[in-house]
Amino acid sequence: MAGTLVKDKYESYKTNANEALQFVLVHNEKDIEDCTSAFLPEFTHQVFGENEIIFGYQGLTITIYLTASRLQTCVDVDYREKLVENGNNLKADDIYKLLKDAFPAGFITNKNEIPKQLANDDDFQPPGKLIHSYKSAKDDKEYQIYQCDATTSPQGLKELHSHFEPFILFYIDAASFIDLDDSKWRIYYLFERYPIENGQFKYASVGFTTVYDYYAYPMNVRPRISQMLVLPPFQRCGHGCEMLQAIYNDLVQRPEVLDITVEDPSENFMLLRDYLDAKNCSKLNAFGAENLKKGFSPAMVDEAKAKYKLCKKQVRRVYEILRLKMCGKWSGDEYRRWELDMKQRLQAPLMSENRLKKISKYLTAGELQVIEQSMEEKKKLIDDNFDQIIDEYRVTIERLGRN
């Protein structure tokens with residue numbers, strides 16, 4: 001009973017970190033006091049623990065200010081009341097200490113000093129080589145993508161990345177920082193380029209993608225996209241698509257590249273990749289309507305690999321999307337043929353019914369029962385996988401229809 005009373009007494013000192021924490025990109029001094037453009041983390045368990053709870057405060061707000069260009073950081077912690085240690089072995093979490101591990105480049109804690117940080121943005125120039133620029137259809141603003149090669153380590157690369165990288169802890173699950181002393185890393189940065197007075201321009205950091213060159217026999221590389229992040233204020237504006245296409249265009253020019261792969265893609269990245277790859281491949285001869293009807297072919301793999309460096313597994317996925325799109329509706333003979341083709345692909349790794357019949361005479365009744373039961377479970381797994389895949393493909397097909 002006493003334990004329950006103590007627990008209830010301190011329940012009000014628990015705060016959901018996802019609700020207490022907010023980020024503010026500072027373009028000018030007005031942004032320091034006006035937090036209407038603040039954005040929240042997607043999760044905080046990689047910083048504040050699995051339960052995402054901060055203990056020891058009431059009315060807690062943590063505002064992380066970042067200058068728009070260099071992302072120099074200020075952490076401001078505000079609260080109505082803080083738990084005072086009184087010999088009961090309970091004490092408030094050290095918020096600054098927890099965030100220090102997440103922001104290894106360091107941060108200030110006095111927001112009155114942010115204007116000094118902001119002044120450092122005036123002469124900021126993106127590191128690396130400009131590989132793509134475009135105007136967004138959403139806001140008609142100019143955006144630029146720069147490619148940085150860790151082998152040359154352009155000026156400002158390590159400093160910028162050390163301030164940008166902490167964001168992944170709040171938006172990419174199982175995130176890890178990269179070692180820029182490893183020359184196999186390539187980083188692509190996305191910036192907004194906006195005008196200021198006297199015909200000058202400044203840059204605001206929008207997102208980045210990391211790519212690692214894996215060795216491929218005999219003298220080739222297989223680049224693997226590791227992490228892609230677009231900051232929340234810029235999401236759903238087509239920037240991810242622009243960045244991925246720019247990466248494709250950059251990597252395809254390298255003769256040593258065999259194909260491009262992706263490391264543990266999130267659901268959102270998989271949908272982005274499916275859309276862009278299907279859009280690109282729909283222009284290739286091998287993916288014409290008549291060829292799609294004939295089924296998956298080596299010609300599709302060859303053309304997609306030559307043009308876009310897509311791996312065979314992704315080419316197969318693109319074929320399935322485009323063939324389903326061609327059906328027009330989720331019924332009829334064309335759809336049934338597509339469904340049969342899909343399920344044959346999903347069943348391929350499993351033991352066939354004919355194979356089961358052939359070996360059944362060598363099995364005991366108990367062994368046969370186990371295998372038959374396993375077959376039923378596998379059939380259910382196939383059906384579940386099919387339903388999930390078709391839901392993903394429908395999202396991509398709807399987006400292809402809108403653009």
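All residue numbers refer to positions in the sequence shown, counting from 1. Any value given below was found using the heavy atoms of this structure, including those in side chains, with hydrogens, waters and symmetry copies removed. This structure is a prediction, so every number in the text was calculated from the model and none was measured.
Listed here is the closest heavy atom pair of Val24 and Ala38: CG2-CB, 3.8 Å. In this structure, Ala105 and His163 approach most closely via the heavy-atom pair CB-NE2, 3.8 Å. The two residues Ala175 and Gln227 have their closest heavy-atom pair at CA-NE2, 4.1 Å. When all heavy atoms of Ala17 and Phe48 are compared, the pair lying nearest together is CB-CD1, 3.7 Å. Considering all non-hydrogen atoms of both residues, Gly128 and Tyr146 come closest at O-CD2, 3.9 Å. The two residues Lys82 and Tyr13 come nearest to each other via the heavy atoms C-CE2, 4.4 Å.
Rounding to the nearest 0.5 Å places CG of Asp264 at 13.0 Å from CD1 of Ile225. Atom OG1 of Thr261 and atom CG of Leu310 lie 11.5 Å apart (nearest 0.5 Å). Rounding to the nearest 0.5 Å places CE of Met228 at 5.0 Å from CG of Leu244. The distance from the CG atom of Leu99 to the OG1 atom of Thr44 is 10.0 Å, given to the nearest 0.5 Å. Leu292 CG to Met326 CE: the interatomic distance, rounded to the nearest 0.5 Å, is 5.5 Å.
Residue pairs that meet the salt bridge (Lys or Arg N to Asp or Glu O under 4.0 Å) test with at least one member in residues 217-228, sequence neighbours left out, are Arg222-Asp259. Sorted pairs that involve residues 91-117 and meet ring pair (Phe, Tyr, Trp, His ring centres under 6.0 Å), not counting sequence neighbours, are lacking altogether. Pairs passing the ring pair (Phe, Tyr, Trp, His ring centres under 6.0 Å) check and including a residue from residues 262-295, sequence neighbours excluded, do not occur. Residue pairs meeting the side-chain hydrogen bond (donor to acceptor under 3.5 Å, both in side chains) criterion with at least one member in residues 282-300, sequence neighbours excluded, do not occur. Pairs of residues two or more places apart, or lying in two chains, that qualify as side-chain hydrogen bond (donor to acceptor under 3.5 Å, both in side chains) and include a residue from residues 69-80 are Arg70-Asp123, Gln72-Asn120. Within the structure, salt bridge (Lys or Arg N to Asp or Glu O under 4.0 Å) contacts touching residues 38-50 (residues at least two apart or in different chains) do not occur. Every pair passing side-chain hydrogen bond (donor to acceptor under 3.5 Å, both in side chains) that includes a residue from residues 238-249 is listed here, sequence neighbours excluded: His132-Glu242, Tyr134-His239, Gln245-Asn249, Gln245-Asn280, Tyr248-Asp277.
When ring centroids are compared, Phe39 and Phe23 come within the 6.0 Å threshold. A distance of 6.0 Å or more separates the ring centres of Tyr203 and Tyr189.
Using a 4.5 Å heavy-atom threshold, the side chains of Cys148 and Leu160 count as separate. No side-chain heavy atom of Met219 sits under 4.5 Å from any side-chain heavy atom of Glu256. Looking at Gln314 and Asp274, their side chains come closer than 4.5 Å, going by heavy atoms from C-beta outward. The shortest distance between side-chain heavy atoms of Ile32 and Pro115 falls below 4.5 Å. Side-chain contact between Leu25 and Asp31 is absent, with no heavy atoms from C-beta onward closer than 4.5 Å. Counting heavy atoms from C-beta outward, Val395 and Arg399 have side chains that stay 4.5 Å or more apart. Side-chain contact between Phe208 and Ile168 is present, with at least one heavy-atom pair separated by less than 4.5 Å. Between Val257 and Pro223, some side-chain heavy-atom pair lies under the 4.5 Å cut-off.
Applying the side-chain hydrogen bond (donor to acceptor under 3.5 Å, both in side chains) test to Asn112 and every residue at least two apart in sequence or in another chain returns Asn110. A search for side-chain hydrogen bond (donor to acceptor under 3.5 Å, both in side chains) contacts involving Tyr65 returns nothing, not counting sequence neighbours. A search for side chain to side chain contact (heavy atoms under 4.5 Å, CB included) contacts involving Val301 returns Phe296, Lys312, Val315, not counting sequence neighbours.
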Derivation and outcome, side chain to side chain contact (heavy atoms under 4.5 Å, CB included), residues Tyr308 and Leu276: CA-CA 11 Å; Tyr308 301 114; Leu276 185 60; over 6 Å; no
Criterion side chain to side chain donor-acceptor pair (under 3.5 Å) on Thr36 and Asp34, from CA distance to verdict: CA-CA 6 Å; Thr36 54; Asp34 180 10; 2.9 Å; yes
Evaluation steps, side chain to side chain contact (heavy atoms under 4.5 Å, CB included), between Leu60 and Ile95: CA-CA 11 Å; Leu60 177 65; Ile95 295 172; 3.9 Å; yes
Carefully, step by step, assess Gln22 and Thr63 under the rule side chain to side chain donor-acceptor pair (under 3.5 Å). CA-CA 5 Å; Gln22 61 179 358; Thr63 304; 2.9 Å; yes
CA sep, side-chain torsions, deciding dist, call: Ser205, Phe191, side chain to side chain contact (heavy atoms under 4.5 Å, CB included): CA-CA 5 Å; Ser205 297; Phe191 299 95; 3.6 Å; yes
Working for salt bridge (Lys or Arg N to Asp or Glu O under 4.0 Å), residues Glu339 and Lys343: CA-CA 6 Å; Glu339 182 180 19; Lys343 290 191 172 180; 3.6 Å; yes
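In this structure, Gln155 places its CD atom where only 12 or fewer heavy-atom neighbours from other residues, nucleotides or ligands lie under 6.0 Å away. Residue Lys279 qualifies as open at atom NZ: its count of foreign heavy atoms under 6.0 Å is 12 or below. Within a 6.0 Å radius of OH in Tyr217, other residues, nucleotides and ligands contribute 12 heavy atoms or fewer. Atom NZ of Lys309 has more than 12 neighbouring heavy atoms from other residues, nucleotides or ligands inside a 6.0 Å radius.
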For residues 177-185, which side-chain N or O atoms pair as donor and acceptor with protein atoms under 3.5 Å away, sequence neighbours left out?
residue	atom	partner	partner atom	Å
Asp179	OD1	Asp181	N	3.0
Asp181	OD1	Lys158	NZ	2.5
Asp182	OD1	Lys184	N	3.1
Asp182	OD2	Tyr212	OH	2.8

Let me have the donor-acceptor pairs involving side chains of residues 382-389, under 3.5 Å, with sequence neighbours excluded, atom names and distances please.
residue	atom	partner	partner atom	Å
Asp384	OD2	Lys380	NZ	3.0
Asn385	ND2	Leu381	O	3.4
Gln388	NE2	Glu392	OE2	3.3

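Salt bridge Glu334/Arg337: present, at least one basic N to carboxylate O contact under 4.0 Å. One finds a salt bridge joining Arg316 and Glu320 here, because a Lys/Arg side-chain nitrogen approaches an Asp/Glu carboxylate oxygen to under 4.0 Å. Electrostatic pairing of Asp121 and Lys202 does not count as a salt bridge here, judged by no charged N lying under 4.0 Å from a carboxylate O.
For the side-chain hydrogen bond (donor to acceptor under 3.5 Å, both in side chains) with Tyr188, the lone residue among Asp250, Thr209, Thr210 that qualifies is Asp250.
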